[in-house]
Enquirer: 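Here it is: the structure, laid out below.
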Amino acid sequence: MPVGFGIIGCGMIARFHARAIGDIRTARLVACFDNVPQAAARLANETGCRAYSDLKKMLADPQVDVVTICTPSGAHMEPAVAAARAGKHVIVEKPLEVTLRRCDRIIDACKKADVVLATIFPSRFHESSQRMKRAIEQGRFGRLTLGDAYVKWYRTQQYYDSGAWRGTWKLDGGGALMNQAIHSVDLLDWFMGPVKEVTAQTATLAHRRIEVEDVALATLRFQSGALGVIEATTAAWPGALKRIEIHGSEGSAVMEEEDIKTWTFARKAAGDAALLKRLTSKTTTGGGAADPAAIGHHGHTALFRDVLEAIQKGRAPLIDGPQGRRSVEIILAIYQSAATGRAVQLPLQRDPVLPPKPRANRRRK
Ligand SMILES: NC(=O)c1ccc[n+]([C@@H]2O[C@H](COP(=O)([O-])OP(=O)(O)OC[C@H]3O[C@@H](n4cnc5c(N)ncnc54)[C@H](O)[C@@H]3O)[C@@H](O)[C@H]2O)c1
């Protein structure tokens, strides 16, 4: 009997979830819900699943074992908590939520209900990311010195205008960092973390009618003593593939989306050259650099498989709730530093008060 999935929020990313579920022999998309009934009906039509216009009814469907949450970022908590209380396993799109308090409420609800909770960061499942993580764990970089993430993407004004939630503090939770660069923030922290201190600046330069930043720059100090930089924007036309650089006293590696562009170590290992050759042009999509829909669904498929195995074996998934919360915390610390002009230490004791300086002329009417 396949594991039954239900999708909550039937917009852009829901289509990728449906494709990823469709790729797994032991999974089946059985239901969907959206607070706009026509949106659920459209997805149901495309996929052959049941459309619900009442979340309670979908959560009472005994064929739904796992739900995936695809609502706007600041509207993840309510359906995630309701699903956990109904005994469903929960997979939440990035960011887990837009405040630490709201992340914690999801984590607590899933813990209380004893259901699996996973956060979606598909890039972690790419072979390049897995190889990078393993090389770090094996100590191949020597002493880690610098870890940098560059996300120089482009989003049109129409993108922000396409949904009332986009570019708002309440529902997007932030801009280039919280929505787009969060994939790289998660990877960098996974590779180099934990992040111990941030200093940052943000600006809104090239888009109108948004409350949040379209350019952000942060310097990082990791607990290991290594330093790093995050540069993130949705205002760098035409948009370049996201890039992560890891450097140490005995090695350097550079990832561009799913490609490994540099892989060089003082102490060589068998297979280095073959790995570099195989992974140097692996990216087959635009990586979301200019078009949010120009992404693959294979990372989602791998993540859903991991969740299914976690459920079966009673273990935590690779990216559980606390793991999903980490990138939110780092980004909130960056926003706090940008607002106050001071370095901010992690872990944060509480959510910073955001938005720091409401810009009346930029706010949505
Ligand atoms: N992993 C990735 O690569 C990736 C890519 C894009 C988006 N996302 C994330 O997915 C989420 C959705 O993004 P999107 O681009 O699909 O947005 P979208 O606007 O295209 O779709 C959101 C859908 O949710 C519905 N909705 C809104 N509030 C709801 C509620 N309370 N209950 C039920 N349905 C509700 C809307 O009607 C809409 O159909 C965001 O959190 C975003 O950050 C992740």
Side-chain angles (χ1 to χ4, degrees), residues 6-20 31-44 46 51-59 67-83 90-99 102-103 106 118-126 151 153 155 158-168 170-187 212 234 242 257-258 285-304 319 324 327-328 331:
I7 295 179
I8 301 178
C10 303
M12 197 278 283
I13 203 63
R15 268 70 199 174
F16 291 80
H17 286 219
R19 277 175 228 156
C32 68
F33 164 76
D34 195 290
N35 63 356
V36 176
Q38 300 89 312
R42 267 196 303 275
L43 185 65
E46 290 167 25
Y52 283 94
S53 52
D54 180 338
L55 180 59
K56 276 200 190 119
K57 288 197 176 137
M58 183 181 117
L59 294 177
V67 299
T68 72
I69 309 282
C70 302
T71 50
S73 306
H76 287 172
M77 185 191 85
E78 289 80 3
V81 168
V90 182
I91 305 177
V92 186
E93 261 302 345
K94 50 54 51 172
L96 179 56
E97 247 291 351
V98 300
T99 67
R102 292 176 66 84
C103 288
I106 298 176
T119 312
I120 297 185
F121 284 110
S123 304
R124 277 220 210 173
F125 291 85
H126 295 160
V151 185
W153 283 7
R155 289 290 180 269
Q158 289 90 317
Y159 160 81
Y160 284 109
D161 292 342
S162 71
W165 68 277
R166 299 196 190 278
T168 63
K170 187 162 190 276
L171 288 173
D172 223 343
L177 275 171
M178 189 65 96
N179 188 313
Q180 283 82 18
I182 190 164
H183 295 279
S184 302
V185 175
D186 171 71
L187 274 184
V212 297
T234 51
K242 64 181 193 268
E257 192 56 35
E258 289 183 55
T285 67
D291 172 3
I295 55 174
H297 66 273
H298 54 298
H300 280 82
T301 308
L303 190 144
F304 293 173
I319 316 172
S327 44
V328 175
I331 291 169

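When a ligand or atom number is given, it counts from 1 through the structure's own listing order.
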Enquirer: Quick check on contacts: which atoms of ligand 1 are under 4.0 angstrom from a heavy atom of G9?
Expert: 24 (O), 34 (N)

Enquirer: Can you find a non-hydrogen atom of P72 under 4.0 Å from ligand 1?
Expert: yes

Enquirer: Determine, considering heavy atoms only, which of H183, R15, M77 sits nearest to atom 3 (O) of ligand 1.
Expert: H183

Enquirer: Side chain of T301, backbone of H297: donor and acceptor closer than 3.5 Å?
Expert: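 It does hold such a pair.
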
Enquirer: How far is atom 1 (N) of ligand 1 from its nearest protein heavy atom, and which residue and atom name does that atom have?
Expert: E93 OE1, 2.9 Å

Enquirer: Under 3.5 Å, side chain of R155 to main-chain N/O of Y160, donor-acceptor pair present?
Expert: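 Side chain of R155 to backbone of Y160: no pair is present.
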
Enquirer: State, to 0.1 Å, how close I319 and G324 come at their nearest heavy-atom pair, and which atoms those are.
Expert: CG2-N, 4.3 Å

Enquirer: A side-chain contact here means heavy atoms from C-beta on lying under 4.5 Å apart; do L96 and M77 qualify?
Expert: no

Enquirer: At what distance is the nearest protein heavy atom to atom 42 (C) of ligand 1, and which residue and atom is it?
Expert: K94 O, 3.7 Å

Enquirer: Out of curiosity, is F16 lining ligand 1, as in a heavy atom under 4.0 Å away?
Expert: no

Enquirer: Which residue owns the protein heavy atom closest to atom 25 (C) of ligand 1, what's the atom, and how far is it?
Expert: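 Minimum-distance protein heavy atom for atom 25 (C) of ligand 1 reads D34 OD2, 3.2 Å.
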
Enquirer: Can you tell me how far the CD1 atom of I8 sits from the CG atom of L55, to the nearest 0.5 Å?
Expert: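 Between I8 CD1 and L55 CG, I get 5.0 Å after rounding to 0.5 Å.
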
Enquirer: Number the atoms of ligand 1 from 1 as they appear, then name those within less than 4.0 Å of a heavy atom of H76, with their elements.
Expert: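 Listed by number with element: 41 (O).
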
Enquirer: Among all the protein's non-hydrogen atoms, which is closest to atom 13 (O) of ligand 1, and how far away is it?
Expert: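 The closest one turns out to be W165 CZ2, 3.7 Å.
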
Enquirer: Looking at every non-hydrogen atom in both residues, tell me the closest pair between C10 and D34 and how far apart they are.
Expert: N-OD2, 2.7 Å

Enquirer: Taking all non-hydrogen atoms of both residues, which atom of K242 and which atom of S184 are closest, and how far apart?
Expert: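 Reported closest heavy-atom pair: CD-OG, 3.3 Å.
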
Enquirer: Nearest to atom 4 (C) of ligand 1 by heavy atom, I13, V92, T71: which?
Expert: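 That would be I13.
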
Enquirer: Please say whether N179 places an N or O atom under 3.5 Å from an N or O atom belonging to ligand 1.
Expert: no

Enquirer: Heavy-atom contact check, 4.0 Å cutoff: does F121 meet ligand 1?
Expert: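 Checking ligand 1 against F121, which is what was asked, there is no heavy-atom contact under 4.0 Å.
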
Enquirer: Give the contacting part of C70 toward ligand 1: side chain, backbone, both or neither, where contact means a heavy-atom distance below 4.0 Å.
Expert: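 For C70, the contact with ligand 1 is made by the backbone alone.
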
Enquirer: Rounded to the nearest 0.5 Å, how far does CG of L303 lie from OG1 of T119?
Expert: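 Reported value, rounded in 0.5 Å steps: 8.5 Å.
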
Enquirer: How far is atom 14 (P) of ligand 1 from its nearest protein heavy atom, and which residue and atom name does that atom have?
Expert: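 It is R166 NH2, 4.0 Å.
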
Enquirer: Atom 20 (O) of ligand 1: which protein heavy atom is closest, and how many Å away?
Expert: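 Nearest protein contact, heavy atoms only, for atom 20 (O) of ligand 1 is M12 N, 2.9 Å.
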
Enquirer: Looking only at heavy atoms, which two atoms of I331 and L177 are closest? And how far apart?
Expert: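 What the structure gives for the nearest pair is CD1-O, 3.4 Å.
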
Enquirer: Yes or no on side chain to side chain donor-acceptor pair (under 3.5 Å) for K94 and S327, after CA distance, side-chain angles and deciding distance?
Expert: CA-CA 9 Å; K94 50 54 51 172; S327 44; over 6 Å; no

Enquirer: Under 4.0 Å from a heavy atom of C10: give me the atoms of ligand 1 that qualify, with their elements.
Expert: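 Answer for ligand 1: 23 (C), 39 (O).
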
Enquirer: Is it true that H300 lies under 4.0 Å from ligand 1, counting heavy atoms only?
Expert: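 It does, in that a heavy atom of H300 comes within the 4.0 Å cut-off of ligand 1.
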
Enquirer: For H76, does its backbone N or O pair with a side-chain atom of E97 as donor and acceptor, under 3.5 Å?
Expert: yes

Enquirer: Hey, can you tell me if H126 and H298 have their rings parallel, tilted or perpendicular (30° and 60° cut-offs)?
Expert: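 Ring orientation, 0 to 90° scale: parallel.
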
Enquirer: Does any N or O atom in I8 lie less than 3.5 angstrom from one in ligand 1, N or O only?
Expert: no

Enquirer: Can you tell me the protein heavy atom closest to atom 30 (C) of ligand 1 and the distance?
Expert: N35 ND2, 3.4 Å

Enquirer: Kindly assign one of parallel, tilted or perpendicular to the pair H17 and H300, based on the angle between their ring planes and the thresholds 30° and 60°.
Expert: tilted

Enquirer: Measure the distance from atom 21 (O) of ligand 1 to every protein heavy atom, then report the residue, atom name and distance (to 0.1 Å) of the closest one.
Expert: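 For atom 21 (O) of ligand 1, the nearest protein heavy atom comes out as G11 CA, 3.3 Å.
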
Enquirer: Should P79 be listed as contacting ligand 1, given a heavy-atom distance under 4.0 Å as the test?
Expert: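 P79 does not count as a contact of ligand 1 under the 4.0 Å cut-off.
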
Enquirer: I'd like to check which ligand 1 atoms, numbered from 1 as shown, lie under 4.0 Å from a non-hydrogen atom of V36.
Expert: 37 (O)

